[in-house]
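The chains referred to below are lettered A, B, ... by the order of the sequence lines, with proteins before strands, and numbering in each begins at 1. We use all heavy atoms of the structure for the numbers below, so side chains are in, but hydrogens, waters and symmetry mates are not.
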There are 2 protein chains.
Amino acid sequence: MADRPLTGSNDRSFENTLRDAIPRPQSAGGSPCAACPVRDLSFCNALTDEELDHLNRVSSDVSLTSGQSLFDEGAPADHVYNVTTGAMKVYKLLSDGRRQITGFLFPGDFLGLATRDAYAYSAESICSTTLCRFNRQKLENLLKDFPKVERRLLGIASDELALAQDQMLILGRKTAKEKIASFLLMLSNRAQKSGNKSNPISLPITRTDMADFLGLTTETVSRTITQLKTSGMITLMSGNEVRLENRDALEDMAEGE
Amino acid sequence: MADRPLTGSNDRSFENTLRDAIPRPQSAGGSPCAACPVRDLSFCNALTDEELDHLNRVSSDVSLTSGQSLFDEGAPADHVYNVTTGAMKVYKLLSDGRRQITGFLFPGDFLGLATRDAYAYSAESICSTTLCRFNRQKLENLLKDFPKVERRLLGIASDELALAQDQMLILGRKTAKEKIASFLLMLSNRAQKSGNKSNPISLPITRTDMADFLGLTTETVSRTITQLKTSGMITLMSGNEVRLENRDALEDMAEGE
DNA sequence: CGGGCTTTTGAGGAATTTCAACGTATGTGG
DNA sequence: CCACATACGTTGAAATTCCTCAAAAGCCCG
């Protein structure tokens with residue numbers, strides 16, 4: 001914990017300067033959005049190819065190396081983002097450095113929804129990541145013409161809300177073992193939903209980040225994973241992959257049965 | 001804990017039969033919605049008096065006594081609601097009866113947002129409560145004509161999401177004392193936002209419900225409140241009221257400072 | 001006034017954290 | 001190519017917070 005900045009959670013005002021932001025070609029024969037790899041996963045899929053071009057005009061690309069900050073809690077919320085490749089974590093800090101990761105974001109996930117003019121959390125990449133960046137103001141103007149995007153965003157927000165409620169159940173009422181089991185299953189389900197293989201799951205997340213997501217310490221996470229491994233529920237493989245050996249049993253464990 | 005139903009959390013299918021549902025007079029000279037006490041707090045305030053009449057046509061009133069269930073997790077999500085008076089709790093259950101309350105709802109709060117066709121949580125009144133009930137399907141049809149309501153709902157969902165993230169920080173990373181302090185402040189802020197007095201706050205919530213909201217046991221809640229009382233931070237008054245004696249100190253405590 | 005419910009208080013125990021040390025991987029520079 | 005630095009992961013032992021079990025006290029309402 002001592003290796004984390006002891007910065008207060010609300011007094012910072014950082015948004016990545018985004019020197020890497022790459023403006024998009026303007027309708028140079030077919031919007032780049034039309035060929036976006038995560039188009040079907042993200043809110044953009046509410047639009048037709050033609051309409052998509054309007055979106056393209058207010059967006060640019062951002063590249064982050066692993067561990068780079070995108071913005072900090074409290075900074076003016078000038079942009080929203082869509083993850084295209086890689087993965088992000090979003091988190092909140094207490095003044096003494098305690099951290100709660102409130103979510104991990106994968107390709108297609110939306111980032112930066114906020115009603116206030118400041119971000120309610122910080123966002124940082126957990127591996128090499130690219131995002132699609134929208135100017136909030138311009139996007140909002142666009143939304144007025146495309147209510148179906150707004151509807152899609154409402155659906156996304158509702159889904160996120162449901163996830164958040166699941167997470168509250170995990171944080172408030174589950175044991176360490178149940179938390180880890182729930183987490184592995186969540187990753188597996190999520191991989192499946194975005195069209196990746198759901199069983200040997202890739203785990204590009206450090207023990208520390210898992211701990212901060214599940215309300216545990218790294219030591220407890222490590223011990224618990226060892227336990228799961230020893231009892232034959234999972235197998236740790238090379239390349240940060242985890243094989244779920246008995247999905248049903250893991251599901252029972254996650255629900256405390 | 002033994003006094004709670006040991007019902008699984010996903011296999012129930014209850015929505016209050018609502019014999020008490022009172023259909024609204026149909027534009028009998030001025031929509032009842034126009035005179036709604038929580039109109040300014042709820043999503044309805046996106047509409048003009050005239051437009052409000054459309055909303056009135058798809059809504060009815062529901063009355064609940066204290067402790068009555070409105071719907072259970074897993075039931076078909078046929079309605080959404082607005083709290084008009086009283087208060088509700090929403091929660092999720094584990095199969096062994098462990099419970100996580102994910103939120104308390106007060107007048108003006110919106111209830112039932114879901115993308116799936118089943119409720120993701122159960123809802124129950126914590127005191128005598130009335131709600132405004134909308135048929136989901138009819139409301140959604142209406143939304144197509146009133147995108148500004150959809151925008152308002154998106155704003156509401158975003159606010160709820162921010163609250164949920166605060167709650168995750170509380171559940172995952174705060175101590176018992178910090179949790180209680182955060183909770184009291186949250187109630188106070190909320191009361192203020194809906195135009196009630198923010199200092200001697202009314203606490204219509206049992207120790208058990210507080211515990212299930214904060215990821216603690218009733219005993220720990222009781223002990224911690226006693227501690228706060230003894231140290232002069234709060235005073236327990238008659239009628240379930242709590243006076244915050246030193247708001248600043250309480251805020252510091254809530255943030256772990 | 002008595003019964004049922006919620007709240008408080010106490011004592012002991014358990015899960016998890018803390019502190020500390022060691023092991024493992026990865027990359028850098030000599 | 002190897003030594004070294006650095007980050008991450010594992011393991012152990014002690015400490016602590018919070019939970020569990022138990023009982024008494026307070027409160028509300030018929």
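A straight line from CZ of A:Arg207 to C1' of C:dA25 spans 13 Å, rounded to a whole angstrom. Distance B:Leu236 CG to D:dG26 C1': 13 Å, rounded to the nearest Å. Atom CD1 of A:Ile205 and atom P of D:dC8 are 14 Å apart (whole Å). A straight line from CG of A:Leu214 to C1' of C:dA15 spans 16 Å, rounded to a whole angstrom. Summarising the geometry, the separation between CD1 on B:Ile180 and C1' on C:dT7 is reported as 13 Å, rounded to the nearest angstrom.
A:Thr206 comes within 4.0 angstrom of sugar-phosphate atoms only, judged by non-hydrogen atoms across all strands, and of no base.
Applying a 4.0 Å cut-off to non-hydrogen atoms, none of the residues of residues 225-235 of chain A approaches DNA chain C.
Every residue was checked against the ring pair (Phe, Tyr, Trp, His ring centres under 6.0 Å) condition with A:Phe106, not counting sequence neighbours, and none meets it.
When atom types are taken as modelled, the side chain of B:Glu73 and the backbone of B:Tyr91 share no donor-acceptor pair closer than 3.5 angstrom. Remark: the backbone N or O of A:Leu244 is paired with a side-chain donor or acceptor of A:Asn199 at under 3.5 angstrom.
Checking B:Thr235 against B:Glu245 by side-chain atom types alone, a donor-acceptor pair falls below 3.5 Å.
Each of B:Arg190, B:Met88, B:Glu160 was checked for a side-chain contact (heavy atoms from CB on, under 4.5 Å) with B:Asp109, and the lone residue meeting it is B:Arg190.
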Set out, in order, the CA-CA distance, both residues' side-chain angles and the distance that settles side chain to side chain contact (heavy atoms under 4.5 Å, CB included) for A:Asp212 and B:Arg173, then state yes or no. CA-CA 8 Å; A:Asp212 283 347; B:Arg173 286 298 180 223; 2.7 Å; yes

Scan nucleotides 12-19 of chain D nucleotide by nucleotide, 5' to 3', and note B when protein non-hydrogen atoms come under 4.0 Å of the base, S if they reach only the sugar-phosphate, - if neither. BB----SS

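Evaluation of the salt bridge (Lys or Arg N to Asp or Glu O under 4.0 Å) test over residues 76-85 of chain A, restricted to residues two or more places apart or in two chains, returns none.
Ring-plane geometry between A:Tyr121 and A:Phe71 is classed as tilted, the angle between the planes lying from 30 to 60 degrees on a 0 to 90 degree scale.
Taking the screw axis at each terminus of the helix from C:dC1-D:dG30 to C:dG30-D:dC1 from five consecutive base pairs, the angle between the two is 30° to within rounding of 10 degrees.
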Can you give each donor-acceptor pair under 3.5 Å made by side-chain atoms of residues 219-229 of chain A, sequence neighbours left out, with the distance rounded to 0.1 Å?
from     : atom 1 : to       : atom 2 : distance (Å)
A:Thr220 : OG1    : A:Thr217 : OG1    : 3.0
A:Thr224 : OG1    : A:Thr220 : O      : 2.6
A:Thr226 : OG1    : A:Ser222 : O      : 2.9

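Heavy atoms of other residues, nucleotides or ligands lying less than 6.0 angstrom from NZ of A:Lys197 number more than 12.
For an aromatic pair to be called close, the ring centres must be under 6.0 Å apart, and A:Phe110 with A:Tyr81 fails this.
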